[in-house]
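Working notes, structure below.
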Amino acid sequence: MGKHWTAIVLTCQNVDSAHAYQDELTLRQRKGLIPSDTLLLTVEDPKAHVGSGGATLNALLIVAEHLSARSHFTVVNSDVLSDAHVLIMHMGRDFPYNPCGKAFTTLPATLTADTAVGYDGLFCNLDSLLDTMTRKISLGSPPGVWVCSTDMLLTVPNILEVDWTGFTGVCAVTVAADVIYARNHGVFKVNPEGTVEDIVYKPSNVGMQELVTAEGTVHLVAGVVFLSSGAAERLLTVHVTPPLDACTYLGLDSGAEPIKLSLFFDILLCMATLVTEEAFVSGDRSGQYGGTPRPRNEREVMTMRSARALLWKTLRGINVKAVCIPNGRHDYMTEDASVHLQHLVKCPLQLDPITNLTWAPITHSAIQEGCTVADGSVVVNSVLEGGVHVSSGTAVNHCHLKGHICIPEGCYLHALGEEVSQVLQATKIVPNTVLQCFRVKLFGTNTATVYTVFGTKDGLQATAGGDNTFCNESWDVFFQRTGILRGDLWGPHMPEDECCLMNAKLFPVFHPTQPVGIAEVLWLLNNTKGVSLLDRWRGSWRVSLQEVLSSVDHSAEFKWRRDLFYSVGQHRVQKVLLSGREGCLLPFFKSAAVEGYHRQVLVALDQVALESCPQVVTQTATPGVTARTLACIADVLGSLAGQQWGLRSGPAANKMWQPAYQLLEAGEYAAGIQALALERECWLDSSRPDFLIRAARHYEGAEQILRRQIVMTTKQFIYTQQSAVPSEGQWVVAECPARIDLSGGWSDTPPITYEHGGSVTNVALLIDGKKPIGAKARRIQEPELVLVIDSNLDNSSVRLTCTELSDMETYCQPHAPGALLKACVVCADLVTLPSPSSLREQLQTRHGCGFELHTWSDVPHGSGLGTSSILAGAILAVLYKVTGREADNLSLMHGVLYVEQLLTSGGGWQDQVGGLDPAVKIGRCRPEVPVKVEVEHVPVSDEGLQAVNSRLVLVYTGKTRLARNLLQDVVRNW
């Protein structure tokens, strides 16, 4: 268990992205990854570039407003923070390698089953940080506000141990980093008592010496801070006071000019004990994080001095405690493409020894036959087909590629669709290339597609010229090769020292007379000088990478990922079902229901069911795959309804579904599947969850029909031989013990037993020294069936007399009186249903008499001791004997398996194995059709049996359960 958050707040740059991110958080909550009562907020910054400090203050205000409203206050009341556990996560700046930001960068990992809470999905950096904050960092912390950046991969090998007793200040989480790495980051100066004395950004070589610990490392700013409720309340007080009100939406709505604050170098810095008021208020220690400040007018300087003075007055005196993550690691997600590639190919989070993740170079991807993925490469959420080759050191994310495409080493491909495959086949991609597709809003509400290309060695912010590169070659060579002029990229007014790859208008979006796409972008990469392409490129409306990133349609990007994910999932569903391989599909189905992809999945399952159904059932061609597929459709429908709309177990005999059932019973599988799908649409369109549950039950009913037909192949292993026919009125009696399992329970249950094989060890039991289960039968003169069900427990008796075939038709209704006895009569071929001959005619013609059958049990119904199945074995034994036949125990075991299919209650073979054969034995079944049971007796000495008997006590709790319901749950989970 981890921290139970009162609220989780995600800050972002604009309202459009806020809506998309809110949807992502909500989906995680619906999947159970976030508690249902946690308040989820996605808050856009009041103005661009308010900084992490301004974003924190604005988020704190908004969450306080929501919590105040929940507590029925009409104004903001900071007291609501006194018992709240709040997590604020900052999205930060745009990320050139993922249009959805660093937080939603997909990693080559999947959640393990216990963490995934039964759902499937992509795993992002946000999920990693959320899990780390919840399970490892925040445990035991008092009420307050945790603030976490999302611009890093944070490895926390162990649960962070902090003495939170009486804690009232601020806790800054640090990582022990080497000096070289720390030169580009913030560093805490910490005294021996653990108090933060100073915070330095990009310390110089001289300044670094004062920050190095005895171990030779420094306390790196890890991007995680905790504000106790008292500290958070003090910070919140400034939201109404100018000029700090300008950091919030309230200030913006009041006409205040926005200001930029840093969480670490403004808010936390004023609490550092060695920082003086003058140094702080003047901005010498803040500004550009202590570096050379950009030119500012006098009014801006005075505004910032006033803001820092207010921070000093409000927050000074709060103690900042530094807590270092033991063996932790901080990997900043930079704009360096080669670093990003390393983060994917050799993700540092894999070093976490207690992670709940499974890492794999090929994750959530469909790699078709003929495609190759070299070692040392990563493919995530992609479809590769038709001969795609991925070389070592390359990452392919969210792509669908088809054909003979060679992706060389060191490349990064992102979000490319199948439509670009033909161009890529005709193009030689050079090593170390970054090729991406972005979905952007450049024409109002319409979404456009923009392709971008550059090299992994290019500096995105580096001045164009000199030794700096584009597509891994110097700008001069690029200009000479393509014929492009500097003015084409930056215009005549851009200062030369500000011209860089990030703001170069390189990427075509629209041409007035010709379509433009990836071909015009790949031309930038490696084509020789061509006038036609140059003219088309120059005549196109082009955008820079910076413009692309600022115009991303986040909802469209998430949809693209999700479309691909479910396309990959459908490939996996088909592969798992058609190959008969093991694989849990339920998490995928549940996710499809939550995310609105259920119709696509249902169509795919219909196709599998049709493709897999045999024309005729034989030993090598069974409807096993079809049956499993119908069960999968039931799972999708049940997932779509959710758990609050009724139980999955229930009746499945609605007349609307009967035509489809009749087709399946008749072996017309394809027509039956199509009829099921047609009827399903009527129930699916009803928008009533209870209808979905009922539809799921009927699909399970359809699956049971096919499963029953498979298991009924066991009838070929029922062997009988002729014996003397008892005289009229002579009773034939069979008595049996009960049974208990020692191991292997449920592995005898279809379809488990014929898909995976089964092995059950059990023991036959006498109860109070007697065999508690029995049956007896005799021949009677009148050609009718007299069925008597005795109960020795309450001395009651039920007597049924069957004189017409219609009296026997309830043999397939488990709850009908005498259904088990009737099913055994049918199995033993005493009569045939349906038949043109009446019951009396059949009995008179075949046997020359009628029969009286009695059954009894001294074991309470629903006790779990295998009573019904063992009783069926006893009934078959006396019915065979009374009609002049004999069957050995193994035949009776197969006969019971057949009876339970006639009865439609399902069931396996272990009960009858346990009760029909004495002592200790192992029942086995191979994973094949027809279903055949084998029994091996386990020799046990008399001393061993005596030891067991002297220690075995049977206690009846009075609680009963219906085996059929348990069976459905087991099969459903399988």
Side-chain angles (χ1 to χ4, degrees), residues 94 96-97 334-341 391 393-394 405-414 416 420 423-424 426-438 440 449-511 514 516-549:
D94 296 323
Y97 309 108
T334 74
E335 291 185 350
D336 188 325
S338 59
V339 172
H340 180 63
L341 265 177
S391 302
T394 285
I405 301 169
C406 181
I407 307 170
E409 64 275 5
C411 290
Y412 176 67
L413 273 62
H414 181 92
L416 302 178
V420 306
V423 177
L424 291 179
T427 303
K428 181 180 179 182
I429 304 174
V430 299
N432 306 310
T433 294
V434 177
L435 184 58
Q436 302 182 84
C437 176
F438 293 86
V440 297
T449 298
V450 181
Y451 296 96
T452 65
V453 67
F454 51 90
T456 60
K457 301 176 183 179
D458 299 342
L460 301 186
Q461 305 285 356
T463 302
D467 295 331
N468 298 320
T469 62
F470 173 63
C471 291
N472 303 317
E473 64 183 6
S474 72
W475 283 97
D476 290 340
V477 171
F478 167 73
F479 289 138
Q480 183 178 8
R481 175 173 60 82
T482 60
I484 292 174
L485 305 176
R486 291 182 67 92
D488 293 328
L489 303 182
W490 296 287
H493 304 298
M494 176 79 71
E496 190 168 321
D497 61 350
E498 294 182 15
C499 297
C500 63
L501 195 162
M502 185 65 83
N503 57 26
K505 292 186 179 294
L506 282 159
F507 309 116
V509 179
F510 173 77
H511 190 280
Q514 303 178 64
V516 293
I518 196 170
E520 286 68 32
V521 171
L522 289 173
W523 168 74
L524 300 173
L525 177 64
N526 62 357
N527 282 36
T528 56
K529 189 172 182 178
V531 176
S532 60
L533 279 176
L534 176 60
D535 289 344
R536 189 191 306 174
W537 177 88
R538 190 169 277 152
S540 300
W541 180 49
R542 290 168 279 110
V543 292
S544 66
L545 182 58
Q546 184 174 325
E547 290 171 315
V548 168
L549 295 175

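Each residue takes its place number in the sequence, starting with 1.
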| Is the side chain of R536 donor-acceptor paired with the backbone N or O of Q514 at a distance under 3.5 Å, no angle test? | no

| field | side chain to side chain donor-acceptor pair (under 3.5 Å) partners for S338, two or more places apart | value | D336

| field | Over 12 foreign heavy atoms within 6.0 Å of CG, D497 | value | yes

| Under a 4.5 Å cut-off applied to non-hydrogen side-chain atoms, are F438 and T452 in contact? | yes

| field | Between OH on residue Y451 and CD on residue Q436, distance to nearest 0.5 Å | value | 12.5 Å

| field | Residue pair C500 / L460, side-chain heavy-atom distance below 4.5 Å | value | no

| What distance separates K457 NZ from N468 CG, expressed to the nearest 0.5 Å? | 14.0 Å

| said: Are R486 and M494 packed together at the side-chain level, in the sense that at least one heavy-atom pair is separated by less than 4.5 angstrom? | reply: no

| field | E547 side-chain N/O to S544 backbone N/O, donor-acceptor pair under 3.5 Å | value | yes

| query | Distance from F507 atom CZ to L545 atom CG, nearest 0.5 Å? | reply | 5.5 Å

| said: Is there a side chain to side chain contact (heavy atoms under 4.5 Å, CB included) between I429 and C406? Walk through the geometry before answering. | reply: CA-CA 7 Å; I429 304 174; C406 181; over 6 Å; no

| remark: dist W523:CH2 -> I518:CD1 (nearest 0.5 Å) comes out at 15.0 Å

| request: Walk me through it: do L424 and L435 pass the test side chain to side chain contact (heavy atoms under 4.5 Å, CB included)? | output: CA-CA 11 Å; L424 291 179; L435 184 58; 3.9 Å; yes

| Expected output: side-chain T394 to main-chain G410 donor-acceptor under 3.5 Å | yes

| field | Sub-4.5 Å side-chain heavy-atom contact between C437 and T449 | value | yes

| said: Angle between ring planes, W475 versus F470, binned at 30° and 60°: parallel, tilted or perpendicular? | reply: parallel

| Nearest non-hydrogen partners of P408 and P431, listed with the distance | CG-N, 3.6 Å

| request: Would you confirm whether N503, through its side chain, and E498, through its main-chain N or O, come within 3.5 Å as a donor-acceptor pair? | output: yes

| said: Is there a side-chain contact between V516 and W537 in this structure, where contact means two heavy atoms from C-beta onward sitting under 4.5 Å apart? | reply: no

| Do L522 and V423 pass the side chain to side chain contact (heavy atoms under 4.5 Å, CB included) test, and can you show the C-alpha distance, the side-chain angles, and the key distance before you say yes or no? | CA-CA 9 Å; L522 289 173; V423 177; 3.7 Å; yes

| said: Any heavy-atom pair between the side chains of L549 and P96 that's under 4.5 Å? | reply: yes

| query | For I484, does its backbone N or O pair with a side-chain atom of T482 as donor and acceptor, under 3.5 Å? | reply | yes

| message | Quick check for you: to the nearest 0.5 Å, what is the distance between R538 atom CZ and H511 atom NE2? | response | 12.0 Å

| field | Check: D476 main-chain N/O paired with R481 side-chain donor or acceptor under 3.5 Å | value | no

| query | To the nearest 0.5 Å, what is the distance between CG (L525) and CD (E473)? | reply | 8.5 Å

| query | Are any non-hydrogen side-chain atoms of T433 and F454 less than 4.5 angstrom apart? | reply | no

| field | N/O donor-acceptor pair under 3.5 Å between W490 side chain and P495 backbone | value | no

| Under 3.5 Å: donor-acceptor pair, side chain of D458, backbone of C471 | yes

| message | Can you tell whether the side chains of K505 and D488 come within less than 4.0 Å, N to carboxylate O? | response | no

| Does the ring centre of H414 sit less than 6.0 Å away from the ring centre of Y97? | no

| message | If you define the side chain from C-beta out and look only at heavy atoms, does anything of D467 sit under 4.5 Å from S474? | response | no

| task | Kindly say whether G517 contributes a backbone atom to a donor-acceptor pair with the side chain of E520 at under 3.5 angstrom? | result | yes

